[in-house]
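Worksheet for the structure shown next.
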Number of protein chains: 2
Amino acid sequence: MELSKTSYVILGMLRLGKRTGYDIKALVDVSTRFFWAASYGQIYPELKRLEEAGLVRGEREAGDARRRKSYLLTPAGEEALRDWLNSDKPLHDELRHEGVLKFFFADALVPEEQLALIRRIRAHHEAVGDQLRGIQAVKATERPENRFPGLTLEWGIEYQRRLAEWCAVTEHQLTEELLPDRR
Amino acid sequence: MELSKTSYVILGMLRLGKRTGYDIKALVDVSTRFFWAASYGQIYPELKRLEEAGLVRGEREAGDARRRKSYLLTPAGEEALRDWLNSDKPLHDELRHEGVLKFFFADALVPEEQLALIRRIRAHHEAVGDQLRGIQAVKATERPENRFPGLTLEWGIEYQRRLAEWCAVTEHQLTEELLPDRR
DNA sequence: CTGATCATGTAATTCGTTACATGATTCC
DNA sequence: GGAATCATGTAACGAATTACATGATCAG
């Protein structure tokens, strides 16, 4: 049976312990969202399918007026997760970056506009970097048996920093062309 | 009238001169594909819509047995392109990276498997980098009035190189832990 | 008591890919 | 003459988002 990548997000989150669909969404929003997003519209139906497939088990807490339903991984689910992690099938890698796209077409602009565009792109990456650093602060209190989420967050921060830096360098070059050094 | 991002890809490509839908697809596949992909299923219907909107004009060459239809930008199309480039609306920025996703969940693996995973991710980025360098060779003969496509390509190569390098560093760290230095 | 958050789910819609159908031209 | 490529298009499908509906609980 073929699972979507997003279903592995769910399995991976459930490996950390019992979780509701709501919990999973909240976790995704402060972690994998930056390289693999997921919405309620995917998570709830997918939980149902995963349960039918025997990869997760859901239970409503008796007497829980909130009719909350928590899921946990079955052994089959753990195996499916590990199989995916160890699989050497080509890695899905997709980027949709409007900033780079605009940059690609920037010959249509006059130099001042080009500069303004690059500044907007830089501001964007700085803002995302700030967001990630905010999350880092929250996560600072987490347990050490799961080190990879933290490493991934560091990677994300570094990634945004480099993109912003590349903008700064390009910005500098264009400025020099516009206002050549006079000494 | 709201245009999709992909329609700006089309407008941007047509700014470089008269092109058929087929031409645009071929151009996208060696350039924007890496940060904004597009397929025939989008391009042909979108060209029709853009023509109805008066942003492009299409004409079938008389006596062309191949029934080829070339499009070019109208002044309104050029304006729409420039307006988009200068707009300061938030930039769409979306990443779906299965490698990073697996890395995030890698605590479920034993160290040898973690190492193998990182190697697969590195190999992936090296392969994409090679692809981009191949394109660079082809593009080396292009005109200078459009400098930004070339800059973007350099950015892409650098981007892949850094991702691969980050994998190499992490790989090294994990190896050290597995086989601590004995002197 | 009221607004924020917790909580589950579905329906409509959008966006995009893949596969298919069809046929001409070019290169060997 | 046959394979690769040029060329246009559509239909079916899939993946994911957004908006909506509904209601409980919690903090002030």
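Hydrogens, waters and symmetry mates are skipped; everything else that's a heavy atom, side chains included, is used. Lettering of chains follows the sequences in order, A, B, ..., and the numbering in each one begins at 1.
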Check for me whether B:Lys5 meets the cation-pi criterion with B:Trp36, that is, NZ or CZ under 6.0 Å from the six-membered ring centre and within 45 degrees of the ring axis. no
Pairing of B:Glu78 and B:Arg15 as salt bridge, 4.0 angstrom limit: no
Partners meeting side chain to side chain contact (heavy atoms under 4.5 Å, CB included) with A:Ala106 (sequence neighbours left out): A:Gln114, A:Leu117, B:Phe148
Describe, as an angle rounded to 10 degrees, how the axis at the first end of the helix from C:dC1-D:dG28 to C:dC28-D:dG1 is tilted relative to the axis at the last end, five pairs per end. 30°
Residue set satisfying side chain to side chain contact (heavy atoms under 4.5 Å, CB included) with B:Gln136, at least two apart, ordered chain then number -> B:Arg133, B:Leu153, B:Glu154, B:Ile157
Sequence neighbours excluded, which residues qualify as side chain to side chain contact (heavy atoms under 4.5 Å, CB included) partners of A:Tyr44? A:Tyr22, A:Tyr40
Using 30° and 60° as the class boundaries, would you call the ring planes of B:Trp155 and B:Phe35 parallel, tilted or perpendicular? perpendicular
Please determine if a side-chain N or O atom of A:Tyr22 lies less than 4.0 Å away from the OP1 or OP2 oxygen of C:dC6. yes
Heavy-atom pair with the smallest gap, counting every atom of A:Leu55 and A:Leu73: O-CD2, 3.6 Å
Can you sort out which residues in residues 81-100 of chain A have a heavy atom within less than 4.0 Å of DNA chain D? Ascending by number, please. none
Shared hydrophobic cluster, B:Leu179 / B:Leu174 (ILVMFWY, side-chain heavy atoms < 4.5 Å): yes
Respond yes when some side-chain nitrogen or oxygen of B:Arg68 is under 4.0 Å from OP1 or OP2 of D:dA7, and no when none is. yes
Contact class for A:Thr6 (heavy atom, under 4.0 Å): base, sugar-phosphate, or nothing? sugar-phosphate
Could you check which residues of residues 34-55 of chain A get a heavy atom under 4.0 Å from DNA chain D? Sort them by number, please. A:Trp36, A:Ala37, A:Ala38, A:Ser39, A:Gly41, A:Gln42
